[in-house]
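Single-structure report; data block below.
Just so it is clear, the values below take in all heavy atoms, side chains as well, and ignore hydrogens, waters and symmetry mates.
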Amino acid sequence: MTFETIKTSSAKGVLTVTLNRPEAFNALNTLLLKELADLLEQVEQDHEIGAVVVTGGAKVFAAGADIKEMAALDAVGVMNDARPKHWRRIYQFSKPLIAAVNGYALGGGCELVMHCDIVIAGDNALFGQPEINLGIIPGAGGTQRLIRTVGKPLAMKMVLSGEMIDAKTALSAGLVAEVTIPEKTIERATELAQTIARKPPIAVRLAKEALLKAFETDLESGLNLERKSFTLLAATEDRQEGIAAFMEKRKPNFKGC
Ligand code: CO8
């Protein structure tokens, strides 16, 4: 697959995707979202890849939806917009997605961060939902995911005022898992992704699914899903291998079955 708006590289079970529209601060146009969603669907079938890092590079993660592209859409155009479909495809990716964020993650950029499962931020990162300044509101899940992630007071402040928060605030609010120096953001995200890629893939997939379910269901239904997945894992060879390796005091050799 060749891409216009993203760059890819892979090593040690990890695919790194770099958003590549530097001239527009990596603004997420339809093509970029489509390419990212297409790529993730392809990775779904690639058993060599256990986790994916998404980054904008050293300076900026993404400054939001492409405002210039958005400006051309009237209400019917927005209604027929292909982007919500691509966002859904990104959200449906079953393997871990790790964001490595330096600089701005605004609007759709912050929403892309929230589509990721773990966020590593450089101490230069700035997160915001500035859509209100454009007379709109977040449109890729920002109102729902931000409030579930950071709670009502901070989510309301960010969405209603458009004010950004820094990496330290994002860390204390739970939007970000770790903060590092900007030079190490991608390295640390990659290291974490490699650690996850070495884990048993079916257990990783079911753990992600169960954790995400907590966003959208009641406790009893979530516990039911967890119990079913826990039971299902008892039928995998990787569970036998993991337990045997523990007993035999050796490293497990997981095969994804
Ligand atoms: N879209 C398009 N181009 C952009 C965007 C953007 N979001 N952000 C920056 N750019 C472009 C600028 O136009 C400029 O290009 P040019 O030199 O050709 O004019 C270049 O990037 C650099 O930008 P600036 O000159 O403005 O750089 P500054 O360092 O002064 O400022 C900022 C950087 C603070 C990031 C500033 O550019 C900014 O405020 N950008 C817009 C941020 C924003 O409002 N984001 C929200 C967009 S709306 C959104 O994301 C809704 C998501 C809904 C998804 C729904 C899907 C269905």
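Put simply, the side chain of Gln129 never gets that close to the backbone of Pro138: no donor and acceptor are under 3.5 Å apart. Using modelled atom types, one side-chain atom of Thr55 and one backbone atom of Ala100 make a donor-acceptor pair closer than 3.5 Å. Put simply, the side chain of Ser172 gets close to the backbone of Thr169: a donor and an acceptor are under 3.5 Å apart. The closest donor-acceptor contact from the side chain of Lys59 to the backbone of Gly103 lies at 3.5 Å or more, if one exists at all.
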> Would Val52 and Phe93 satisfy side chain to side chain contact (heavy atoms under 4.5 Å, CB included), going step by step from the backbone distance to the final call?
Replying inline: CA-CA 10 Å; Val52 174; Phe93 184 56; 3.8 Å; yes
>> Assess the residue pair Asn80 and Leu73 against the criterion (side chain to side chain contact (heavy atoms under 4.5 Å, CB included)); give the C-alpha distance rounded to whole Å, side-chain angles, the decisive distance to 0.1 Å, and a yes or no.
In response: CA-CA 10 Å; Asn80 293 328; Leu73 296 179; over 6 Å; no
>> Go through it in stages, so that I can follow the logic: the residues are Ile98 and Val14, the test is side chain to side chain contact (heavy atoms under 4.5 Å, CB included), and I'd like the CA-CA distance, side-chain angles, deciding distance and then a yes or no.
In response: CA-CA 10 Å; Ile98 299 167; Val14 173; over 6 Å; no
> Could you walk me through whether Glu241 and Arg250 pass the salt bridge (Lys or Arg N to Asp or Glu O under 4.0 Å) check?
Replying inline: CA-CA 10 Å; Glu241 168 62 10; Arg250 60 172 173 83; 2.7 Å; yes
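The shortest side-chain heavy-atom distance between Arg145 and His115 falls under the 4.5 Å cut-off. With a 4.5 Å cut-off on side-chain heavy atoms, Leu97 and Leu40 count as touching. Contact of the Ile118 side chain with the Ile196 side chain is registered, since non-hydrogen atoms from C-beta on lie closer than 4.5 Å. Contact of the Ile132 side chain with the Val159 side chain is not registered, since no non-hydrogen atoms from C-beta on lie closer than 4.5 Å. The shortest side-chain heavy-atom distance between Phe61 and Val54 falls under the 4.5 Å cut-off. Looking at heavy atoms from C-beta onward, Leu19 lies out of side-chain contact with Thr5 at the 4.5 angstrom threshold. No side-chain heavy atom of Cys257 sits under 4.5 Å from any side-chain heavy atom of Thr236. You'll find the side chain of Val101 reaches within 4.5 Å of the side chain of Phe127, heavy atoms only.
Atoms CG and CG, on Leu31 and Asp38 in that order, are 9.0 Å from each other to the nearest 0.5 Å. Thr185 OG1 to Glu187 CD: the interatomic distance, rounded to the nearest 0.5 Å, is 9.5 Å. From Lys213, atom NZ reaches atom CD of Glu226 across 13.5 Å, with rounding to the nearest 0.5 Å. Put simply, CE on Met156 and OG1 on Thr143 are 9.5 Å apart, with the number rounded to the nearest 0.5 Å.
Open room surrounds NZ on Lys199; 12 or fewer heavy atoms of other groups in view lie less than 6.0 Å from it. For Met1, the CE atom sits in a packed shell: over 12 heavy atoms of surrounding residues, nucleotides or ligands are nearer than 6.0 Å. For CD of Glu48, the number of neighbouring non-hydrogen atoms (other residues, nucleotides, ligands) closer than 6.0 Å is 12 at most. By the 6.0 Å contact criterion, CZ on Phe215 is enclosed, its count of non-hydrogen atoms from other residues, nucleotides or ligands being greater than 12. Heavy atoms from other residues, nucleotides or ligands lying under 6.0 Å from CD of Glu23 number more than 12. Heavy-atom neighbours of Glu237 CD from other residues, nucleotides or ligands within 6.0 Å: at or below the threshold of 12.
Closest non-hydrogen pair, Ala121 versus Ala125, comes out as CB-CB, 4.0 Å. Contact between Pro96 and Val204 at its shortest, heavy atoms only, is CG-CG1, 3.4 Å. Closest approach of Asn26 and Ala62 over heavy atoms only: O-CB, 3.4 Å. Closest of all the heavy-atom pairs between Thr18 and Gly57 is CG2-N, 4.2 Å. Contact detail for Met114 and Thr149: the closest heavy-atom pair is SD-OG1, 4.5 Å. Taking both residues in full, the closest heavy atoms of Ile137 and Glu131 are given as C-CB, 3.7 Å, listed atom of the first, atom of the second, then distance.
Placement of Val17 and Ile120 in two distinct hydrophobic clusters is found when ILVMFWY residues are connected by side-chain heavy-atom separations under 4.5 Å, directly or transitively. Side-chain heavy atoms closer than 4.5 Å link hydrophobic residues (I, L, V, M, F, W, Y) into clusters, and following such links, even through other members, never connects Leu36 to Tyr104. Cluster annotation: Phe246 and Leu233 are assigned to distinct hydrophobic clusters (Ile/Leu/Val/Met/Phe/Trp/Tyr, side-chain heavy-atom contacts under 4.5 Å, transitive). The hydrophobic clustering, which links ILVMFWY residues whose side-chain heavy atoms are closer than 4.5 Å, places Leu126 and Leu112 apart. Using a 4.5 Å cut-off between side-chain heavy atoms of Ile, Leu, Val, Met, Phe, Trp and Tyr, with links allowed through other members, Ile165 and Val176 fall into the same hydrophobic cluster.
Each of Met158, Glu111, Lys152 was evaluated against Leu146; a single residue qualifies, Met158, per the side-chain contact (heavy atoms from CB on, under 4.5 Å) test. Checked against Pro201 for a side-chain contact (heavy atoms from CB on, under 4.5 Å), the options Asp238, Leu206, Ile49 give a single hit: Asp238.
Salt-bridge annotation for Asp166 and Lys168: absent, with no side-chain N of the basic residue lying under 4.0 Å from a carboxylate O of the acidic one. Ion pairing between Glu178 and Arg188 holds under the 4.0 Å rule for side-chain N and carboxylate O. A salt bridge does not link Lys12 with Glu191: every distance from a Lys NZ or Arg NE/NH1/NH2 to an Asp or Glu carboxylate oxygen is 4.0 Å or more.
When only modelled atom types and interatomic distance are considered, Gln92 and Arg88 share no side-chain donor-acceptor pair under 3.5 Å. Looking only at atom types and distance, the side chain of Ser221 has no donor-acceptor partner in the side chain of Asn224 under 3.5 Å away. Counted by atom type alone, His86 and Arg89 present one or more donor-acceptor pairs between their side chains at under 3.5 Å. With 3.5 Å as the limit, one finds no donor-acceptor pair spanning the side chains of Glu209 and Ser229.
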